[in-house]
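To start, the structure under review is shown below, and the notes come after it.
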There are 2 protein chains.
Amino acid sequence: MAVVQRVQRKGTVAATAKRPKLTVLPFETIMQGDCIEQMKNLPDRSIDMIFADPPYNLQLGGDLHRPDGSQVDAVDDDWDKFDSLSTYDAFTKAWLREARRVLKDDGTIWVIGSYHNIFRVGAALQDEGFWILNDIVWRKANPMPNFKGTRFTNAHETMIWCSKSEKARYTFNYRTMKALNDDLQMRSDWSLPICSGGERLKDDDGHKAHPTQKPEALLYRVMLASTEPGDIVLDPFFGTGTTGAVARRLKRRWIGIEREDKYVKVARARIDSTLPLDESAMVLMPEKKAQPRVAFGLLVELGMIEPGTHVTDAKRRWKAEVKADGTLALLDGMGAGSIHKLGATVQGAPSCNGWNFWHYEEAGKLIEIDALRQRHLAKTGE
Amino acid sequence: MAVVQRVQRKGTVAATAKRPKLTVLPFETIMQGDCIEQMKNLPDRSIDMIFADPPYNLQLGGDLHRPDGSQVDAVDDDWDKFDSLSTYDAFTKAWLREARRVLKDDGTIWVIGSYHNIFRVGAALQDEGFWILNDIVWRKANPMPNFKGTRFTNAHETMIWCSKSEKARYTFNYRTMKALNDDLQMRSDWSLPICSGGERLKDDDGHKAHPTQKPEALLYRVMLASTEPGDIVLDPFFGTGTTGAVARRLKRRWIGIEREDKYVKVARARIDSTLPLDESAMVLMPEKKAQPRVAFGLLVELGMIEPGTHVTDAKRRWKAEVKADGTLALLDGMGAGSIHKLGATVQGAPSCNGWNFWHYEEAGKLIEIDALRQRHLAKTGE
DNA sequence: TAGGTAGGTGAATCTGCTA
DNA sequence: TTAGCAGATTCACCTACCT
């Protein structure tokens, strides 16, 4: 415990007191160096989304740096578990703290890991004040078998998706995700193949360039779900640059941080050869919430529905008349109000979307009054 | 932090100094009371496997309504409320410490939770010296949807399976698991339905007896995987006694601890009416394999078909473009939607199988997009 | 009896803009 | 800060009841 506190104090001092921040963000750039040190060069609240795939193999002692930049001794048998866990926790807290600082208040962070580290990361995220939105299971379609037959085949990894606070208004492209999943809500478990074949980057010897290269399909879904085109995406553990490649393809701006020279080189070449998607392919299913608001009264004013018209619900349980001011009044005189309020009242429901609840009759068929709104939106080109 | 230490000290002192342990284990018994206090009555190293379903600390907000206006029956019980994360952590550490004491050195522990609590539980398990063997994802075949469209559907829960130490010789029935999974290694993701229908216990009013009853199939697999007949299974959060019922069915011995009077009563009645499996039936029941459902959007994510590609029907009457979210948009701009929906729209049909309706062109020949799906299924072997 | 329709429900951190 | 209100939002599986 003493170790944790010492490390944290050091990190905090260094972050707040010393250096000037960059005033122009280094877009489409790999900042080479320690991720904590490099994040300190970025201004507060400047990033829309962070995707992080932190190291968790404690055997890679070189991957662990204290916030002050000093390297942690290699993990060896002299270390007891408590010591290595707390070192990892200190490392996690330190980079999460910087990540939180550079993230916009309405931004989100994704962190991926396996059972070796994800519980520590998740607890640290909560401790640092992040608000968990989902934990996402990446279910590997083709995992490595457990050769010894001693455990269950380790066939998934876990991502944690957080906003900066409970009340934050984060980006979630609900309709896009639903469209991507054959018109069913996207679930918290995603079945995707591991990164292999032509997508897997090789070094000159033909060996895989990076031990944990993530599939582009994973980042594709992450980015489509939680960012807009033009948003700024930061990956503090850039590796071979999957985040940058997908960001470029989907027309998001990106910043990568990577320490190892060889990964930086591989990532640069890879991203340079990635082409952005065509403009037309980027026109997605619109979020309904983003459409301009239309008042029912406007449609009455425009003569798209006449005052005096009778409307009813899908089962013809209630009938009402359209008034000149765009309100409805029940034919039995037992209630009146806006299309929404009256719909809620008659059903005894807390709320109601009047656009879909009320129908008018045309050629013997009931048509949602929402059809009028859609016709209006189409006509005005919005 | 002070809270944690006080609780731990208390627990430790009471456990080691004060009371005499039971010399004969209370098999097939529900010990009524607080789980930490009751575990203190059990001797050291006496339990083969612990299954624990602790409170999740959900922290729900106000009421939630379905789109049809009905209200969701939330988990609002007092036993799920904690003042803060640190209070929850102290509680977790305290019961885990007792659990560790009563567990045999070669025994294992399972803990189930959701993103609200599982990261804290996992970190605490590691802190207490447990060695994680697997994290298991229970993919719910029929989860509750996300009614407001604000996040991904929360469609899974996580179980953590641990031995007491890295070198422990725990039980894992590899071949049984493989047999249960059509002669393929059992993976770390399990698809099982939630507990509903006849299995779901009701109180006298016909309401669910317990808000979070787990399916027997889940415990069935847990117990088959990690215990032998005659082994001693402890469930410190017994609830309606799913663990006891399955233990009896599989001829394991069990001990339950439960605080609430009403749950104890329900569990007793339930287990009394559960019959042990016949010897011959201990050979396993096959489970139906879930049909792999492939969304067209997945193929776009995987790069099997590029956004911007043009598709058409077999007679080339309609042409559409593939968008980045896996939807199609007609080239004349007169319609858009999923492969199925757009196919239905252009034909004026009530429905349409888009997989067979839409084609892409390769070397001058039209190929059903279903060919891409078949290629994906063949590749991933699902 | 088979088949179809209607209604209920599940561990949920479940809205957002404007005045 | 809060009140008011427009309006967006569900999937799989169960039982009960009807024809």
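Every chain is numbered from 1 and lettered A, B, ... according to where its sequence line falls, protein lines coming before strand lines.
dT15(C) adopts an anti glycosidic conformation, its chi angle falling more than 90° from 0.
Residue His156(B) holds its NE2 atom at 7.5 Å from CD1 of Ile136(A), rounded to the nearest 0.5 Å. We find the CD-CG distance between Glu301(B) and Asp325(B) to be 10.0 Å, quoted to the nearest 0.5 Å.
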Problem set entry | Lys214(B) vs Asp53(B), salt bridge (Lys or Arg N to Asp or Glu O under 4.0 Å): CA-CA, chis, key distance, verdict | CA-CA 9 Å; Lys214(B) 295 293 176 287; Asp53(B) 183 10; 3.0 Å; yes

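Taking the ring centroids of Trp131(A) and Tyr170(A), they lie at or beyond the 6.0 Å cut-off. In this structure, Tyr360(A) has its ring center no closer than 6.0 Å to that of His310(A). The six-membered or imidazole ring of Phe91(B) lies near that of Phe82(B), with a centre-to-centre distance under 6.0 Å.
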Exercise. Just by protein heavy atoms under 4.0 Å, how would nucleotides 2-7 of chain C read 5' to 3' in B, S and -?
Worked result: -----S

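Legend: residues meeting ring pair (Phe, Tyr, Trp, His ring centres under 6.0 Å) with Trp138(B), ordered by chain and number and at least two apart, are absent.
Counting only heavy atoms from C-beta on, Lys178(A) has its side chain closest to dC11(D) among dG7(D), dT15(C), dC11(D). Checked against dA8(D), dA12(D), dT13(C), the side chain of Leu184(A) finds its nearest nucleotide in dA12(D). Of the candidate nucleotides dT10(D), dT13(C), dA6(D), dA6(D) has the atom lying nearest to any side-chain atom of Arg293(A). Side-chain proximity of Thr150(B) to dG10(C), dT9(C), dT15(C): nearest is dT15(C). Side chain of Lys214(B), nearest nucleotide from dG10(C), dA11(C), dT13(C): dA11(C). Listed candidates were dC13(D), dT9(D), dA12(C). Nearest to the side chain of Asn154(B) is dA12(C). Comparing atom distances between the Asp53(B) side chain and each of dC14(C), dG7(D), dA11(C) picks out dA11(C) as nearest. Residue His340(A) has its side chain nearest to dG7(D) when only dG7(D), dT13(C), dG10(C) are considered. Across dA11(C), dA12(C), dA8(D), the shortest atom-to-atom separation from the side chain of Glu157(B) is found for dA11(C). Considering only side-chain atoms of Arg200(B), the nucleotide from dA11(C), dT13(C), dT10(D) that sits closest is dA11(C).
OP1 or OP2 of dG10(C) lies within a sub-4.0 Å distance of a side-chain N or O belonging to Lys208(B). Listed pair Arg187(A) / dA12(D) fails the phosphate criterion, with no side-chain N or O lying under 4.0 Å from OP1 or OP2. At the phosphate of dA6(D), OP1 or OP2 sits under 4.0 Å from a side-chain N or O atom of Ser338(A). Not one side-chain nitrogen or oxygen of Tyr170(A) sits closer than 4.0 Å to the OP1 or OP2 atom of dC14(C).
By the 30° and 60° cut-offs, the orientation of the rings of Trp161(A) relative to Phe172(A) is tilted.
Rounded to whole angstrom, the span from the CG atom of Asp370(A) across to the P atom of dA8(D) amounts to 7 Å. The distance from atom CG of Leu58(B) to atom C1' of dA11(C) is 5 Å, rounded to the nearest whole Å. Rounding to whole angstrom units, CG of residue Leu64(B) and P of dT13(C) are separated by 9 Å. In this structure, NZ of Lys341(A) is placed 10 Å from C1' of dA6(D), rounded to the nearest angstrom. The CD atom of Glu166(A) sits 12 Å away from the C1' atom of dC14(C) (whole-angstrom rounding). Atom pair Trp161(A):CH2 and dC14(C):C1' shows a separation of 12 Å (rounding to whole Å applied). The nearest whole Å value for the distance from the CZ atom in Arg169(A) to the C1' atom in dT15(C) is 10 Å. Rounding to whole angstrom units, CG of residue Asp76(B) and P of dA12(C) are separated by 11 Å.
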Problem set entry | Dot-bracket encoding per residue of DNA chain C, Watson-Crick/G-U cut-off under 3.5 Å, | denoting interstrand | .|||||||||....|||||

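Both Lys288(A) and Asn142(B) lie close to DNA chain D; mapped to their nearest nucleotides by heavy-atom distance, the more 5′-ward contact belongs to Lys288(A). A residue-by-residue look at Pro143(B) and Cys352(A) shows that Cys352(A) has its nearest nucleotide of DNA chain D further toward the 5' end. The nearest heavy atom of DNA chain C to Tyr115(B) and to Arg66(B) marks one nucleotide each, and the one closer to the 5' end goes with Arg66(B).
Counting any heavy atom pair closer than 4.0 Å across all strands shown, Gly62(B) reaches a base atom. Nucleic acid contact class of Pro350(A) (heavy atoms, under 4.0 Å, all strands): none. At the heavy-atom level, Arg175(A) lies under 4.0 Å from the strands shown only through sugar-phosphate atoms. Residue-level contact check: Ala295(A) touches neither bases nor backbone, having no heavy atom under 4.0 Å from any strand. Note on Asp73(B): only backbone sugar-phosphate atoms sit closer than 4.0 angstrom, heavy atoms only; bases stay farther off. Heavy atoms of Thr212(B) sit under 4.0 angstrom from at least one base atom.
Counting only distance, with no hydrogens or angles, the side chain of Arg187(A) and the backbone of Lys140(B) share a donor-acceptor pair below 3.5 Å. Side-chain N or O atoms of Gln185(A) include one that pairs as donor or acceptor with a backbone N or O of Asn146(B) at under 3.5 Å.
Remark: the separation of the P atoms in dT15(D) and dA11(C) is 16 Å, to the nearest Å. Atom name C1', nucleotides dC14(C) and dG10(C): the rounded distance is 15 Å, in whole Å. Separating the P atom of dT13(C) from that of dG7(D) is a span of 27 Å, rounded to the nearest Å. Look at the C1' atom in both dT10(D) and dG8(C): the space between them is 13 Å, to the nearest Å.
In this structure, Arg100(A) is positioned above the aromatic face of Phe130(A), its NZ or CZ under 6.0 Å from the six-membered ring centre and within 45° of the axis. Note that Arg139(A) lies outside the cation-pi zone of Trp190(A), set by a 6.0 Å cut-off to the ring centre and a 45° limit from the axis.
Between the side chain of Ser351(A) and the base of dA6(D), no donor-acceptor pair under 3.5 Å is found.
More than 12 non-hydrogen atoms from other residues, nucleotides or ligands lie less than 6.0 angstrom from CG of Asp205(B).
Ring-to-base geometry does not place Phe147(B) in a stacked arrangement with dC14(C) (centre distance under 5.5 Å, plane angle under 30° required).
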